[in-house]
Number of protein chains: 2
Amino acid sequence: MTTIPVPGKPVRGSQSGAPIMALFDLLGRRWAMGVLWTLCGQGPCTFRELQGRCGLLSPTVLNTRLKELRQAGLIDHANEGYHATPMGTELYKLLVPLGAWSKEWATTLDTGND
Amino acid sequence: MTTIPVPGKPVRGSQSGAPIMALFDLLGRRWAMGVLWTLCGQGPCTFRELQGRCGLLSPTVLNTRLKELRQAGLIDHANEGYHATPMGTELYKLLVPLGAWSKEWATTLDTGND
DNA sequence: CTGTCTGCTACAAAATATGTAGCAATTTAG
DNA sequence: CTAAATTGCTACATATTTTGTAGCAGACAG
């Protein structure tokens, strides 16, 4: 197999071809779910504000994630700022239960550092 | 709005204290969701078999993810092999709708990969 | 024009992932 | 018993991704 790595382009592949794996590939990148969550949960905003909302992630990564998410049709960018597409909102809705579950899950974790 | 950058702050996600962000931090790592998905969807198996099921990911990463997932209480390791805990199974169930959604989503993507 | 926003890029350094080899312990076969 | 195979897993070098910081050009206010 001849894979030519292009700088700045993702190399990871969803080799299996299963859509769920492609989705995991997209969401399984640092900040990907956090960005979607923040954007959908707190409404449209600018690049820099999103940066702040997410806890000061670097513009490099934010821009990369934004590109990927936009290319995936989950978010869009207009004059009003970045915002979720209908499809992105649908995905977000599926993610919402995770928010509730995570609260229970958190109580089962080792509190802080051993 | 003024956001004050704090240089040298901890790097790993989840500083916000929100459980959902901690969860995203855990799942937003390479292969994390894929491993959980495969383990829950196809049943318990050995280390090497899981490696094969996931598409031959390196033992280094598999071991790292397995440790993290086990530490998070989502999977466990016994004589019959690696398997999901009840909590891991619950999380998996929340992930299942993503599988269906991803199939629709896949049809909206560019036919070419990039 | 100056100062301050905006989205975004360049760049180097740090962190993480990949691929391969191989180890100790266990199981299987003879 | 020994020998081969298989297990979970680690070491290590290399490749890729993420991070942090500086800074650009364009829009807008004063």
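- As rounded to whole Å, 14 Å separates atom P of dT10(D) from atom CZ of R65(B).
- Within the 4.0 Å cut-off from OP1 or OP2 of dA17(C), not a single side-chain nitrogen or oxygen of R29(B) is found.
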Protein-nucleic acid N or O pairs under 3.5 Å, nucleotides 24-30 of chain D:
none

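- Sequence neighbours left out, the pairs with a member in residues 36-49 of chain B that pass salt bridge (charged side-chain N to carboxylate O under 4.0 Å, His left out) are E49(B)-R53(B).
- Nearest nucleotide to the side chain of K67(B), out of dT16(C), dC9(D), dT10(D): dT10(D).
- Distance from the side chain of P59(A) is smallest to dA22(D) among dA22(D), dA17(C), dC9(D).
- In this view, P19(A) and S102(B), K103(B), A106(B) satisfy the side-chain contact (heavy atoms from CB on, under 4.5 Å) rule, not counting sequence neighbours.
- For T60(B), the side-chain contact (heavy atoms from CB on, under 4.5 Å) criterion is met by S58(B), not counting sequence neighbours.
- Each of T60(B) and T46(B) was assigned the nucleotide of DNA chain D with the nearest heavy atom; the assignment lying further toward the 5' end belongs to T46(B).
- Going from atom CG of L57(A) over to atom C1' of dA15(C) covers 16 Å, rounded to whole Å.
- Distance R30(A) CZ to dG20(D) P: 11 Å, rounded to the nearest Å.
- Two residues, N63(A) and E68(B), neighbour DNA chain C, and the one matched to the more 5' nucleotide by heavy-atom proximity is N63(A).
- For W31(B) and dT16(C), the CH2 to P distance is 19 Å, given to the nearest whole Å.
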Checklist entry - Can you list the steps and then say if L39(B) with H83(B) is a side chain to side chain contact (heavy atoms under 4.5 Å, CB included)? => result CA-CA 6 Å; L39(B) 206 51; H83(B) 60 274; 5.5 Å; no

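- With rounding to whole Å, N79(B) atom CG is found 12 Å from dT26(C) atom C1'.
- Within residues 32-42 of chain A, no residue places a heavy atom under 4.0 Å from DNA chain D.
- Considering only residues two or more places apart in sequence or on other chains, E104(B) meets the salt bridge (Lys or Arg N to Asp or Glu O under 4.0 Å) condition with none of them.
- Within the structure, ring-ring contact (aromatic ring centres under 6.0 Å, His included) pairs that include any residue of residues 35-58 of chain A comprise W37(A)-Y92(A), W37(A)-F24(B) (at least two apart or interchain).
- Between the P atom of dT18(D) and the CG atom of L66(A) lies a distance of 14 Å, rounded to the nearest Å.
- With sequence neighbours excluded, the residues that form a side chain to side chain donor-acceptor pair (under 3.5 Å) with E68(B) are R65(B).
- The CG atom of D25(A) sits 10 Å away from the P atom of dT17(D) (whole-angstrom rounding).
- Residue pairs meeting the salt bridge (charged side-chain N to carboxylate O under 4.0 Å, His left out) criterion with at least one partner in residues 74-102 of chain A, sequence neighbours excluded, are absent.
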Item to check | L27(A) vs L27(B), side chain to side chain contact (heavy atoms under 4.5 Å, CB included): CA-CA, chis, key distance, verdict | outcome: CA-CA 9 Å; L27(A) 297 182; L27(B) 297 183; over 6 Å; no

